[in-house]
Amino acid sequence: MNTNILTTRQAEELHKAIIAYLTANNLSNTASALRSELNLGEDVFDPATAKKYEGLLEKKWTSVVRLQKKIMDLESRNSTLQSELENSTPTSRQNKDPVAWLPKSPARHTLQSHRNPITCVAFHPVFSSLASGSEDQTIKIWDWELGELERTIKGHTKAVLDVDFGGPRGNTLLASCSSDLTIKLWDPSDDYKNIRTLPGHDHSVSAVRFIPSGVAGGTGNLLVSASRDKTLRIWDVSTGYCVKTLRGHAEWVRDVCPSIDGRFILSTSDDYTGRLWDVSIPNPEPKTTLIGHEHVVLCCAIAPAAAYPHLAAMAGIKKPPATSAVEFMATGSRDKTIRLWDARGTCIKILVGHDNWVRGLVFHPGGKYLLSVADDYTLRCWDLTQEGRCVKTIGDAHGHFVQCIRWAPSIVKDVPAVNGEGANGESNGTPRKTAGAAGAGGEAQIRCVIATGSVDLNVRIFAN
């Protein structure tokens with residue numbers, strides 16, 4: 001008998017276990033034959049000791065089977081984790097580097113409660129609140145971290161078309177606009193009470209945005225709206241008055257995007273154009289008109305300074321431009337394309353890939369990517385360092401047209417006030433120079449969180 005696999009001691013133990021097994025199962029002839037062949041007489045291996053070995057063979061036998069099954073389970077679990085790890089290695093790198101982060105499927109949360117298509121979403125600048133507006137005439141406030149509905153706001157009498165958080169620093173308001181011709185202001189610190197209604201547009205109000213207070217003497221009190229009455233209006237939210245009306249588009253104005261310093265406003269329209277306005281002058285006129293789209297232009301975005309080097313390279317400029325607040329822009333259209341433009345209105349690139357109307361655009365705050373959503377149910381990521389190549393498509397972003405996308409605002413780490421400076425970093429009434437685009441001298445930290453809304457009645461949160 002070849003027992004080389006076992007040590008002498010193991011072999012002896014096995015023999016004893018076999019004898020105990022045979023004896024316990026009344027196979028005494030076989031047991032004694034084995035005893036005599038192995039020289040294990042009753043003097044060496046008495047019945048009392050044999051009793052101790054009873055059941056050992058069965059126990060080992062069944063435990064081997066159980067352990068084999070366990071090993072197989074663990075191996076399969078291990079390979080699942082291994083593949084998850086391999087697929088998410090970029091993410092673990094991105095955890096350290098938000099600049100490279102891109103959304104991935106599945107979404108972290110799917111928020112359901114609206115009864116009709118979702119038209120718009122907006123993040124609160126500080127808290128983990130997200131507002132969504134819908135054709136069901138309501139605005140819903142969600143906690144995007146927990147994925148829970150916080151409240152439903154009623155007040156508009158027709159579809160809500162856009163929402164935005166903003167206003168004076170430390171006194172954030174929510175603005176909404178609707179097909180009912182009005183803009184409404186809600187106070188998040190007072191249970192979202194409707195504190196003002198701004199009438200004045202003669203048709204549906206399709207977009208609304210707070211204007212950042214960077215402009216000289218800016219208070220953060222200004223709001224811009226775009227309407228189907230072909231105008232844009234600038235409002236003072238503290239008084240409720242319309243302070244400027246911008247006329248120039250020949251058709252319905254669909255979208256609006258203010259520059260980070262509040263000086264410029266980009267708008268898009270059914271007249272197939274985009275227009276860039278300088279609103280720091282008393283009677284703003286379009287500074288630049290973007291001509292090239294072959295259908296209604298539904299959405300627009302102004303590139304952050306972090307994207308300038310990549311866009312300048314794409315435009316064939318050797319040196320990235322000095323940091324004016326608007327050097328490059330993006331527009332998305334019903335012609336299914338996205339166009340990238342420079343400040344002079346030259347189209348520097350056409351991004352082709354969507355199979356239906358392009359509905360929403362947002363630049364990655366890290367400057368490397370542009371993200372878009374469309375009626376082809378997808379979310380696409382375009383790499384600005386690779387000539388605008390589409391490097392990622394989330395094909396199942398939603399089960400129907402995707403109507404809106406927003407990126408959570410970066411967290412600005414405040415620089416502590418010095419010598420009794422005011423809240424805005426002012427001392428003796430002189431505004432302090434702020435550090436670049438980061439805001440009041442703070443360091444901006446990118447948040448890897450995106451919200452999208454769709455005709456499928458879902459709001460989705462894509463997050464790290």
Full working for ring-ring contact (aromatic ring centres under 6.0 Å, His included) between Tyr53 and Phe45: CA-CA 11 Å; Tyr53 282 86; Phe45 187 45; 5.8 Å; yes
Interatomic distance, Asp342 atom CG to Lys349 atom NZ [nearest 0.5 angstrom]: 14.5 Å
Short N-O contact, Asp162 and Arg209, less than 4.0 angstrom: yes
Side chains of [X] and [Y]: closer than 4.5 Å at any heavy-atom pair?
X	Y	result
Thr152	Lys154	yes
Gln403	Val373	no
Pro409	Arg447	yes
Asp191	Arg151	yes

Closest heavy-atom pair and its distance - [X], [Y]:
X	Y	value
Leu266	Ala301	CD2-O, 3.9 Å
Pro117	Leu457	N-CD2, 3.5 Å
Pro304	Phe363	CD-CB, 3.4 Å
Val208	Ile183	CG2-CG2, 4.3 Å
His109	Glu145	NE2-O, 2.9 Å
Asp335	Ser333	N-OG, 2.8 Å

Ring pair (Phe, Tyr, Trp, His ring centres under 6.0 Å) partner of Tyr377, chosen from His398, His400, His354: His400
Short side-chain donor-acceptor distance under 3.5 Å, [Y] and [X]:
X	Y	answer
Arg380	Thr378	yes
Ser129	Trp144	no
Ser132	Trp142	yes
Arg460	Thr110	yes

Plane angle bin for Tyr369 and His364 - parallel if under 30°, tilted between 30 and 60°, otherwise perpendicular: tilted
Parallel, tilted or perpendicular, as decided by the 30° and 60° cut-offs, for the rings of Trp407 and Trp101: perpendicular
Other residues, nucleotides, ligands: >12 heavy atoms within 6.0 Å of Lys336 NZ: no
Between [X] (side chain only) and [Y] (backbone N and O only), is there a donor and an acceptor less than 3.5 Å apart?
X	Y	answer
Asn194	Trp186	no
Lys392	Pro103	yes
Arg406	Val121	yes

Aromatic ring proximity, centroids under 6.0 angstrom, Phe165 and His124: yes
